[in-house]
Amino acid sequence: VEAFLAGTKFNIHVDGDGLVACGDASTQLTWMDAKCGDTVFTPRHGKPVEINALWYNALRLLSRRVSAYEPGRASRYADLAGKVEQAFRQVFWNEKCRCLYDVVRDGWADPAVRPNQILAVSLADSPLDRERQLAVVRVVQRELLTPFGLRSLSPRHPSFHGEYRGTPFERDSVYHQGTVWAWLMGPYVEAWLRVHDFSESARIEMRELLLPLLQHLDDAGLGHVSEIFDGNPPHKPRGCFAQAWSTAELLRAWRMVAN
C-alpha cells in the first residue's frame, strides 16, 4: 500500500482521486496479460476495475488490522478508503448498462462487459451499494456465465471469439476475448452468495451451478480443472489440463456452499 501511494515500477501510482492507475500502451499488468511481440491484445492500462476493487478492499482490511496498534495509520487508510469508494462509484459505474466499466483512462471508459467487475461484489469490502452489486451480478450472469466459468468478454461485443484455437498468435489474440476462465467461478459464486446474504437457498443454487465443473474432474485431466474453455457451447476444455487457480477456486467455491 505504501509503495503504491509513493509510486512504483511500471507507472503504478495512486491518482488524486485515490484510485490506482498503472501501465501504458505497451504494458500488460493485469491478469489479462496476453501479448505477442509488440501487440497488446487487451490493453488495460489506466485504472482497471478489479485492481481498484482489490485496492479498496485492502485499505479497509488494513485499516481494521492495524487499528489496535497504529491508530494513526488506520485512520489514514480509512480516510483514503472513503475517498476511493466515492471515486469508484463515480468513475466506474455505467448507468446505461447497469454494470461497471472495465477500465478508465484519460477521460475514456471501456464499456466492454468483462468479468473483472465481479470482484467489486465478491470481495468482503465492496465499494458498491447493494443495489449496484445486484445489478453487476445480473449482467455477469446474463452475458458471461457458462457451466465452466465466466467468459472473458460478452458475446454481444464485436471482438468476441467463441473458440480458442489456431497458431500461438491466433490463440493469444482470443485468450481474453470471450474464452471462458474456470477460476472466475470462485468470485462469481462468492458474489452470488454475498448479494443473497449466504442464504441456504443461494448455497443450493451454487452447488448445482458447480456440478459441471465437478464432473469435469474426470474429463480433460483426472482430478484437475482445465485452464480455459471455449466461449461457445459445448465449451470444449482448452489450454493446460491442470491449472492451479482453476482447481483452487473450485475448491474454495465448494467450501463456501457445502453443507
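Residue T247 holds its OG1 atom at 14.0 Å from CH2 of W183, rounded to the nearest 0.5 Å.
Salt-bridge formation is not detected for the pair E70/R76: no Lys NZ or Arg NE/NH1/NH2 atom is positioned less than 4.0 Å from an Asp or Glu carboxylate oxygen. Residues D197 and R130 are paired through a salt bridge, judged by an N-O separation under 4.0 Å between the basic side chain and the carboxylate.
Counting only residues at least two apart or in different chains, salt bridge (Lys or Arg N to Asp or Glu O under 4.0 Å) contacts with residues 133-143 comprise E143-R156. Residue pairs satisfying the ring pair (Phe, Tyr, Trp, His ring centres under 6.0 Å) criterion with at least one member in residues 186-223, sequence neighbours excluded, are listed as follows: W192-H196, H216-F229. Residue pairs satisfying the side-chain hydrogen bond (donor to acceptor under 3.5 Å, both in side chains) criterion with at least one member in residues 88-98, sequence neighbours excluded, are listed as follows: E85-R89, W93-E95, E95-R98, R98-E131.
The closest side-chain heavy-atom distance from C36 to F41 is below 4.5 Å. Counting heavy atoms from C-beta outward, D110 and Y101 have side chains that stay 4.5 Å or more apart. Using a 4.5 Å heavy-atom cutoff, the side chains of V137 and I118 are in contact. A 4.5 Å side-chain heavy-atom check between W31 and N116 finds at least one atom pair inside the cut-off. Using a 4.5 Å heavy-atom cutoff, the side chains of M206 and L209 are in contact. Under the 4.5 Å side-chain criterion, counting only non-hydrogen atoms from C-beta, M185 is not in contact with L250. Side-chain contact between Y56 and L59: absent, with no pair of heavy atoms (C-beta onward) separated by less than 4.5 Å. The shortest side-chain heavy-atom distance between L80 and L5 falls under the 4.5 Å cut-off.
In terms of modelled atom types and a separation under 3.5 Å, the side chain of D230 and the main chain of N232 share no donor-acceptor contact. Side-chain atoms of R114 come within 3.5 Å of backbone N or O of S152 as a donor-acceptor pair. When atom types are taken as modelled, the side chain of R44 and the backbone of V103 share no donor-acceptor pair closer than 3.5 angstrom. Put simply, the side chain of R194 gets close to the backbone of S122: a donor and an acceptor are under 3.5 Å apart. Using modelled atom types, no side-chain atom of K236 and backbone atom of E163 make a donor-acceptor pair closer than 3.5 Å. The backbone N or O of V257 sits less than 3.5 Å from a side-chain atom of R207, completing a donor-acceptor pair. No side-chain donor-acceptor contact under 3.5 Å links S75 to the backbone of G72.
Nearest heavy atoms, S246 versus V225: CB-CG1, 3.6 Å. Scanning all heavy atoms of the two residues, the minimum distance from A53 to L123 falls at O-CD1, 3.6 Å. For H176 against D33, the heavy-atom pair with the smallest separation is CE1-N, 3.6 Å.
Within the 6.0 Å centre-distance limit, the rings of Y175 and W181 are counted as a close aromatic pair.
Residues S26 and D24 have side chains that bring a donor and an acceptor to within less than 3.5 angstrom of each other.
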